[in-house]
Every structure is written in C-alpha cells, then in structure tokens.
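Reviewing the structure listed below.
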Amino acid sequence: MAKVLTSRSENYSQWYNDLVLKADLAENSAVRGSMVIKPYGYAIWENIQKVLDRMFKDTGHENAYFPLFIPKSFFSKEASHVDGFAKECAVVTHYRLMNDPNGNGIIVDPDAKLEEELIVRPTSETIIWSTYKNWIQSYRDLPIKINQWANVVRWEMRTRLFLRTAEFLWQEGHTAHETKQEAIDETVTMINVYAEFAEKYMAMPVLKGVKTENERFAGALDTYTIEALMQDGKALQSGTSHFLGQNFAKAFDVKFTSKEGKEEYVWATSWGVSTRLMGALIMAHSDDNGLVLPPKLAPIQVVIVPIYRKEEEFKQVSEVAKGIVSKLRDMNIEVKFDDNDKKKPGWKFAEYELKGVPVRLAIGPRDVQNGTVELARRDTLEKKVIPVEGVEKYIQGLLDEIQENIYRKAFDFRTEKTTKVDSYDEFKKVLKEKGGFILAHWDGTNETEQRIKEETKATIRCIPLDGEPEEGKCMVTGKPSKQRVVFAVAY
RNA sequence: CGGGAUGUAGCUCAGUUCGGUUAGAGUACGCGUCUGGGGGGCGUGGGGUCGGAGGUUCAAAUCCUCUCAUCCCGACCA
C-alpha cells in the first residue's frame, strides 16, 4: 500500500497532522489559527454531541444560548478570571467599514468606534452570571442547570488542528446552587459524566482527579479533570469541571433569600469539553495506516465495497450488498454501500482504512458464486471470508468486540506507561526514556511544582480521586506527603 | 514579542549559488484505452501575474531595496 502518512515512530506530531488532513477531518483555513472542520470530521463531532447532550439531559440539564460578545467591563469583575484570560482575547472595537477615501479598498470607519469594547467570549461565566442575577431571587429559583453548545475564541500563539485552535467548538455547563455541597456534588457528577463518556464511547481510559492550585481554572476554587494518555506518552487534558464557589455570585452580585429568610450568595459550577476531544480520539487509537474509530462514534460503522468488471456482475453484487444494507439498517448500524464507479476497489480499501471505518465488507463475483463476503476489521487489520448468511448478526457482535478491544489496547498501553517513582533522579530518567504518567510524592507546594516544571517540563496533571492514601516523602524536598500525584508532559 | 526559515501549477517541491531558448518534475485534474479481490498500466491534454511593489540590466524566478504572508523553535494555553 502506498504510504500517505508519516509513521508515528518517525515523527509523531507530523503523523497527527498528516492524519487529520488525509482522513479529511479538518484543514487549516484562510484565517490564522482557525480550522475548517470538514464533513467527515464534523460527523464525528456530531456523534460526540449527540451522546453528551443525552447524558447532560439525563442528569437534569437544559440547553440555552448566550451572546458571543461580552462587554469588556464584565471581565474585570472577577480578578483571577481576568488574569487568566486577558492575554488571549479577541476584541471588537468598531461596528462599520467604509471605502478608503484614498482608494485602497475597504477600511474600518473611524467614526464607528464602540463606546465600550466587546470581547469575543473565551468562556461565558461573566455573561451568564450577569444574566443569572436577574433570574435568581429566592431559593425557589434554584438550582439552575444550563448547558450551551457554542464556539469560543482564545487567541493562542501556536495552534494545532483540534488540539489548540484560536476558535473552537465546545459545550459549557453553568449551574447555580443553594448550597456549597450541592455545587460540589454537581462538579463531581459532571466529571463522572465526562469520564464515562471517554471510556464507554471514546474507548479511552482517563484518570479522574483534582488540579493543583497552579493549574486551576481562572476563578475556580477547585478544578476536576479527566486526563488521557496519548501514544507518544504525553497527557491530554480532555475535560474539566469547576467548583466556582461564590466567586462569580459575588462578582455579579447574585444573591437569593434562603428558606430561613437570610440573604446569601449563590454557589456555582461550570464544566466543559471541546473539539479537543477530537484530537484525543484521533491520537488514542489510530495507527500508521490511518484513523481507528471506536464503533460507537464512527459516522460509518460498516462500509461495503463492490468488486466487479461487467455491468452484469455489478448487478449481482449490488443485490447481495443491498440485502445486507437493509438488514444492518434495521439493527441501527450505520452502513455505507460505496457503489461509486469512479474509484477503484483498491483505492476504496485504502481510503476507508485511512478514515477508520471499523468494519469493511468486500463483495465480488467470486463471493456471489460462493455465498460469501470478505470481512476486514480496522482495529486488527484481519481479513476473513465468511458466509453471507447471518453476516449482520456477526457484525453486530463484532462492533462491540472492536469497541472493547480498542479500549483494552489503550488501557494496557496506559498501564504499561504508568510508573511509580520515589526519587527525583528516577523521575527524570523515566520521563526522558519512557514518558507517560508518573506517580510520585509531592510536598503540596507551588514552589516545588514550579521547580519541577521548569527543570523537566512535566506538570502535575492531577491529584487522583481514586488514589489510595500512602505516606511518603516529596521526591524533591523530602517533606511529608499523604498521596502520590500524577505527573506528565502535557499537550 | 524574541530566534530561525520559506513563498514557483490544486498539492509537494526542483530550478536561484554563478541572470541568458518557450520555467520543470511528481502527484492531482480532463479525455481515450486496457483494466478492476489493496491507492493500476499506456497514450494524450489543460493548468503559472515565479507572494507583492520598486530598482539594476540588452535580458530577472535568479541580483538589490522595501513590503506582505506563512511555517518552525521559545514565552502563553482547553
């Protein structure tokens, strides 16, 4: 087969870029740092949305939509929040263009300057809490549990398709609660939703944990995260859920009267995942032949490629194929019969492999004769010839098996790439030679964390939620520690 | 914003050092044909303001000046 991708061992990030382009997921646009998501890539995102949206609704949330533009003054109301985002904001200063009087095309009309500049949202806490102020007076108005599907803009210096783009698509949940405990419970519920989604649908094992103060969301009291491990041994933060305390309620003066008649500030959470999940999905399973998609999120789960020479043969093959198509559709399996005569079978094989379609059937005159089909599975690249009779049942089971298999593979990889270390020297050695997650003791201070980051580029990905307590000494300072934390070099 | 590099066909690039026919290749695209069980073969055709502006010269993709854009490496980040 012709090589179209750079191999992972040769250059991992080149491989990733090649793959995104060649699998027709996305491409760079005319706008620096912003991508065009192509139909095949968008179809995967739609599947992600569909599943998550269901999960959000099942946990009591509703969708709504808030403005893209946020008045500049809103940002300054929560101090740490503005610190976190100020350096990467797109700002709208004018509202009109005009013809250049000197004839050099079109220019910004200097008379159309806005009284107050508008910020293109990098996240929506401020606009939403300024709105919640009007919605909340009494404990009877709580909780409010809203999600929005939207685009946001963060003016990043360096961008990469899906992993970091100036504009990206995401969902952001914003909830308001009576009590601290209720808000914390919500934060935990949502990180669990994300973890379940990652593992069950993306077939990607994730570590659940809490961020250190240093890595926390700007304006949060606690940030919960799911961290996935990519094939190059780097970590990818895949979703976050923030306990915001009363910070935004205080900033926007959102108070309610409690049952006891007391005036109190509202407790808040926010949580989100973005098109970055696409990057995670791509990197978690794919190989040097292309994308490997988990069946539960694949836009096409089964593709049928006809092989024929004469019109008559095509007719016979089509008949068999259409029979299989209708049976698979009845079972709610997404199937495509690729009867495009303009592409050759060999071309199609390579193409669908590149696009990560989990199961491929090839049907030719030989199969029509013998009552068979050739079945190829993407995850193992195995091919076999099986009877056409009952093929739909077989495929149904196989899709589950593939989903299971790629999860297992990713899980085993992560296990193999997770190392416990007890000294800083060992830490550096493992980091350099093996990468992956490193479990080590840390004294809990910002200084030590910063020092490790500066010296090794590794950061604390999280303090794991399900980590068992273990007395130990910080690998750097020797001060006491009660639990190991997870280090890795991150995207 | 610091350091490095690159702009030539839809895409990937050669040609620039040392100026000189009609600016090339691979791939993609069109047509014809043989084909078809892993990105096919042969034939043939179309496609270029050589990033832009100015300059030097009999002559500029090539030399000079300015300019625009993009990419890579750092600081920053979902």
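Note that the structure is predicted; figures quoted are calculated from it, not measured. Reminder, nothing fancy here: chain letters follow the sequence lines and each chain counts from 1. Side chains included, hydrogens not; waters and symmetry mates left out as well; all remaining heavy atoms used.
Residue side chain A/Lys343 does not reach the base of B/G36 through any donor-acceptor N/O pair under 3.5 Å, judged by distance alone. Residue A/Lys344 places no side-chain atom within donor-acceptor reach of the base of B/G39, judged by atom type and a 3.5 Å distance cut-off alone.
Here B/G36 is the nucleotide among B/G39, B/A78, B/G36 with the atom lying nearest to any side-chain atom of A/Pro345. Checking B/G37, B/G36, B/A78 against every side-chain atom of A/Phe349, the shortest atom distance belongs to B/G37. Closest to the A/Leu354 side chain, of the nucleotides B/G37, B/G39, B/A78, is B/G39. When the nucleotides B/G38, B/A78, B/G37 are ranked by their closest atom to the side chain of A/Glu374, B/G37 comes out on top.
Taking the P atom of each, B/U35 and B/G41 are spaced 15 Å apart, rounded to whole Å. Comparing the C1' positions of B/G54 and B/C68 gives an interatomic distance of 14 Å, to the nearest angstrom. Separating the C1' atom of B/U65 from that of B/U57 is a span of 16 Å, rounded to the nearest Å. The gap from the P atom of B/G48 to that of B/A5 amounts to 33 Å, rounded to the nearest Å. The same atom, P, is picked in B/G47 and in B/A9; the two are 15 Å apart, to the nearest Å. Going from the C1' atom of B/U16 to that of B/G20 covers 14 Å, rounded to whole Å. Comparing the C1' positions of B/G51 and B/G7 gives an interatomic distance of 6 Å, to the nearest angstrom.
A salt bridge links A/Arg461 to A/Glu215: one of the charged nitrogens lies within less than 4.0 Å of a carboxylate oxygen. We find that A/Lys57 and A/Glu62 are not joined by a salt bridge, their nearest charged nitrogen and carboxylate oxygen being 4.0 Å or further apart. Under a 4.0 Å N-O distance rule, the pair A/Lys355/A/Glu351 qualifies as a salt bridge. Salt-bridge formation is not detected for the pair A/Glu374/A/Lys384: no Lys NZ or Arg NE/NH1/NH2 atom is positioned less than 4.0 Å from an Asp or Glu carboxylate oxygen. Under the 4.0 Å criterion applied to side-chain N and carboxylate O atoms, A/Asp287 and A/Arg378 are assigned as salt-bridge partners. Checked for salt-bridge contact, A/Glu227 and A/Lys211 meet the test: a charged N lies under 4.0 Å from a carboxylate O. Between A/Arg377 and A/Glu401 a salt bridge is recorded (basic side-chain N to carboxylate O distance below 4.0 Å).
In this entry the distance linking NZ of A/Lys87 with P of B/A78 reads 12 Å, nearest Å. Atom pair A/Asp18:CG and B/C71:P shows a separation of 16 Å (rounding to whole Å applied). Atom CZ of A/Phe314 and atom P of B/G36 are 17 Å apart (whole Å). Across the protein-nucleic acid pair, A/Asn289 atom CG and B/G39 atom C1' stand 12 Å apart, rounded to whole Å. The distance from atom CG of A/Asn17 to atom P of B/U12 is 13 Å, rounded to the nearest whole Å. Counting to the nearest Å, the C1' atom of B/G38 and the OH atom of A/Tyr352 are 15 Å from each other. Note: CG (A/Asp338) to P (B/G37) measures 14 Å, nearest angstrom.
Residue A/Leu236 is classed as having no contact, given no heavy-atom separation below 4.0 Å to the nucleic acid. Within 4.0 Å (heavy atoms only), A/Phe168 reaches at least one base atom of the nucleic acid. Across all strands, A/Thr165 comes closer than 4.0 Å to base atoms (heavy-atom distances). Among the protein residues, A/Arg160 comes within range of no part of the nucleic acid, since none of its heavy atoms lies under 4.0 Å from any strand. If you check every strand for non-hydrogen atoms under 4.0 Å, A/Tyr308 touches a base. Residue contacts shown for A/Gln237 are limited to sugar-phosphate atoms, with no base heavy atom under 4.0 Å away.
Across all strands shown, B/G43 is found opposite B/C31 as a Watson-Crick or G-U wobble partner, with both distances under 3.5 Å. Judged by Watson-Crick or G-U wobble contacts below 3.5 Å, the nucleotide B/U17 has no partner. Across every strand in view, B/C11 sits in a pair with B/G26 that passes the Watson-Crick or G-U test at under 3.5 angstrom. Base pairing analysis places B/C1 opposite B/G74; the two distances defining the Watson-Crick or G-U wobble pair are each below 3.5 Å. Within the shown strands, B/U65 is the pairing partner of B/A53 under the Watson-Crick or G-U definition, both distances less than 3.5 Å.
OP1 or OP2 of B/G74 sits under 4.0 Å from a side-chain N or O of A/Lys457. Dashed line: the shortest gap from a side-chain N or O of A/Arg309 to OP1 or OP2 of B/G36 is under 4.0 Å.
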